[in-house]
Amino acid sequence: MLPTGLSVYTAFVRTYSFKEVIVMSVALNLQARIQNALADAVRQASLAGGWALEAIPLVELEVPREKAHGDLATNIAMQLARDAKLPPRRIAEEIIGHLNMEGTFIETAEVAGPGFINLRLSNEWLYEVMRDIARQGTDYGRSRVGEGQRIMLEFVSANPVGPMNVVNARAAAVGDTLANLMEAAGYDVSREYYVNDAGRQAGLFGLSLLARYKELAGIAVEFPEDGYPAPYVTEMAKVLREEVPDLLEKPQEEQEAFCKRWGTDRMVALQRDDLAAFGVEFDVWFRERDLHKSRQLEKVIDYLDDKGLIYEQDGALWFASTRFGDDKDRVVVKSDGLPTYITADMAYHWDKYRRGFDHLINIWGPDHHGYIGRMSAAIQALGYEADSFEVLLLQLVTLLRHGEKVRMSKRAGEFVSMTELLEEVGKDAARYFFLMRAPDSHLDFDLALAAEQSQENPVYYVQYAHARISSILRQAEEDSIQCPSADSADLGLLQSEQELDLIMKMAQLPEEIVLAAQRREPHRMARYAHELASTFHSFYTHCRVLGEDEALQGARLALVQNTKTVLQVVLGLLGISAPEKM
RNA sequence: GCGCCCGUAGCUCAGCUGGAUAGAGUGUCUGACUACGAAUCAGAAGGCCACAGGUUCGAAUCCUGUCGGGCGCGCCA
């Protein structure tokens, strides 16, 4: 261990404290042990060699692309080269000389290339992973790196004035899977949907609904300017007439208020159904109108006013957001006395913090990025850290059909709604397509390809792996073949390249989940799913399971069973079904 | 004009916060079903990582500039 009392080491201790140590998976624990062993070796070597190091960077391990480069590699020697003023290869040799391999499964450690340290591990650790997966079942992959931090993830939040579009659908898939990933990584996540049911759009929607209602009643009316002329409003008005036939007997003001409330409520209910069909359930549906009802808009303005951040100009009230890095100050109460959108949003985010969340994540459409600066300013003005508020911007979705752009015009009500999308391509394919690409990258979504049940469609590639395994296990059961547990099977018989690759791939899951969660990159999981399936398919063609001699058959059955478990975990995170048959 | 995202194989995209010979799907070409599901597998071809500088042992990755594409910049939401 460390010699104590040497001040030179204080910097070292800080740089190599691993959160990963507290997680439960074999792979992550092993990685942490190896990192620790390497960091120890660096310290010993540094002490012995008298290197003038200011600090030791985190020892990063990577899985080399080339198998010839071993199972794990680190570039730590190259990173130290400048401070130590020594050639990287020489440093690497010194580090290896001081490396204590006990408990690390390291078989060989060698210097390679410009100064990499390549580690080859004993297969024993892979068998350890096998037992780990069998023990944990579908809990495999979960960790506690999030340390229970309370996260509020707000996403979709489409206006309750019309059907949801494909960007909403993308947001739903990305948000839901991100939440799944963060939960699996040990964060305490709440999914929330903000219902914009109090603003001008909601009002116009209510007026449009009322106008259609009157038309249906045979009353000639002028359709509201900037209203919603699309057919779904008329359809909804028909329903309203059946449910509330005596609406027009009320005073005009009550009619309008009723339509606004009834219409938005009904639209929210439709959205909720669509999202549920997409596999997305929210913990909280937050109504903007509740903020108005409880006077939160006034309160947030008063609060900012007390801090001297509100001023009057041109008959309006302004928030001095430029003091917190915004491009320009923002109006919070218009000269007509009505609050602006940001006022409600400030009150809303204030409320989020006061409900005890440590960290807020919002997923927004590409048209909202100009809004980040002012919201961040508001967060800071309310006394919260700028980095406790995070916005994930999704880029646009271009819909194609057989490679041809699908033309859409929202104004004319001609666009592919989320409902139609689900009808045309189904939940599994839609989610997978949305999750294939990085959130900040444009997405080309070919409806025809996604709907196609063929080899062209990448969704089936992953699901097929699961169905194939299920078929093997069914066959085994019919033939009364026992599928042994990983503990009782002779795992040492798993020696071929394909078998070891498959276990290795599964061993990477816990880390993949942590990376995807922390970097907010759910597409990594879609990618991983494909790689896992690919590794399995390769195993399948090269290695027979049933009909081998009993010991090998047993070991492979355990392997296949574990693969099925891991596929279920991954597909579950993606919100995609894992079929027994296809 | 200012801000953000993007530019990597014919096409659609990855590239692990700077590493070893830049990857995958799709498309093209060549092979593999008389044992567990061929919605699969094995292989080939395909690249000036938009361009020009800079930072360093090392750049697709970081910085600056140019060109090209997308989006945003309301007392709308």
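Protein chains get the first letters and strands the later ones, always in sequence-line order, with residue 1 at the start of each.
Counting non-hydrogen atoms under 4.0 angstrom, A:N75 reaches a base of the nucleic acid. Among the atoms of the strands shown, base atoms are found under 4.0 Å from some heavy atom of A:A316. A:T340 comes within 4.0 angstrom of sugar-phosphate atoms only, judged by non-hydrogen atoms across all strands, and of no base. Within the nucleic acid shown, A:M78 comes within 4.0 Å of at least one base atom, counting heavy atoms only. Across all strands, A:S471 comes closer than 4.0 Å to base atoms (heavy-atom distances). Residue A:A438 is in sugar-phosphate contact alone, with no base atom involved, counting any heavy-atom pair closer than 4.0 Å across all strands shown. Within 4.0 Å (heavy atoms only), A:A73 reaches at least one base atom of the nucleic acid. Among the heavy atoms of the strands lying under 4.0 Å from A:H368 is at least one base atom, whether or not backbone atoms are also near. Heavy atoms of A:N118 sit under 4.0 angstrom from at least one base atom. Residue A:D314 is in base contact, counting any heavy-atom pair closer than 4.0 Å across all strands shown. Counting any heavy atom pair closer than 4.0 Å across all strands shown, A:R200 reaches sugar-phosphate atoms only and no base atom.
Note: A:Y348 and A:F286 meet the aromatic proximity criterion, with ring centroids under 6.0 Å apart. Side-chain rings of A:Y461 and A:H530 approach one another, their centers coming within less than 6.0 Å. Residues A:F434 and A:F445 bring their aromatic ring centres within 6.0 Å.
Map A:I342 and A:T74 each onto its nearest nucleotide of RNA chain B; the residue landing nearer the 5' end is A:T74.
Closest to the A:Y341 side chain, of the nucleotides B:A20, B:C5, B:A77, is B:A77. Looking at the side chain of A:H523, the nearest of the listed nucleotides B:G15, B:C5, B:A42 is B:G15. Proximity note for A:Y464 (side chain, C-beta onward) versus B:A77, B:A39, B:A42: the nearest is B:A39. Taking only side-chain atoms of A:Y460, from C-beta outward, the nucleotide of B:C16, B:A39, B:A77 with the closest atom is B:A39.
At B:A38, one or more side-chain N or O atoms of A:R468 fall inside 4.0 Å of OP1 or OP2 (strictly under the cut-off). Taking side-chain N and O atoms only, A:K328 has no distance below 4.0 Å to OP1 or OP2 of B:C2. A:R519 has a side-chain polar atom (N or O) that falls below the 4.0 Å cut-off from OP1 or OP2 of B:U17.
With a 3.5 Å ceiling on both atom-pair distances, the Watson-Crick or G-U wobble partner of B:G1 is B:C73. In this structure B:G37 sits in no base pair that meets the Watson-Crick or G-U test at under 3.5 Å. Base-pair partner of B:G58: not found among the strands shown (Watson-Crick or G-U wobble, both distances under 3.5 Å). B:G23 and B:C13 make up a base pair, with Watson-Crick or G-U wobble contacts both under 3.5 Å. Nucleotide B:A42 forms a pair with B:U30, judged by Watson-Crick or G-U wobble geometry with both contacts under 3.5 Å. The nucleotide B:G53 finds its pairing partner in B:C63, both defining distances of the Watson-Crick or G-U wobble pair being shorter than 3.5 Å.
Look at A:E512 and A:R527 and you find no salt bridge, because none of the NZ, NE, NH1 or NH2 atoms lies under 4.0 Å from a carboxylate O.
The only option from A:E154, A:Q271, A:R287 that meets the side chain to side chain donor-acceptor pair (under 3.5 Å) definition with A:Y193 turns out to be A:Q271. Under the side chain to side chain donor-acceptor pair (under 3.5 Å) test applied with A:N362, the options A:H349, A:H368, A:E390 reduce to a single match, A:H349.
Donor-acceptor pairing under 3.5 Å, judged by distance alone, is present between the side chain of A:H369 and the base of B:G3. Judged by atom type and distance alone, A:S441 does not reach the base of B:C6 through any side-chain donor-acceptor pair under 3.5 Å. If you check distances only, the side chain of A:R544 does reach the base of B:A35 with a donor-acceptor pair under 3.5 Å. For B:A77, its base never sits under 3.5 Å from the side chain of A:D345 at any donor and acceptor pair.
Using a 5.5 Å limit on the distance between ring centres and a 30° limit on the angle between planes, the aromatic ring of A:Y461 does not count as stacked on the six-membered base ring of B:A39. Residue-nucleotide stacking is present for A:H69 and B:A20, judged by a side-chain ring centre under 5.5 Å from the six-membered base ring centre and planes under 30° apart.
Other residues, nucleotides and ligands contribute only 12 or fewer heavy atoms inside 6.0 Å of the CD atom of A:E550.
B:C33 shows a glycosidic angle within 90° of 0 and is accordingly assigned syn. In this structure, B:U17 shows a glycosidic angle within 90 degrees of zero, which is the syn conformation.
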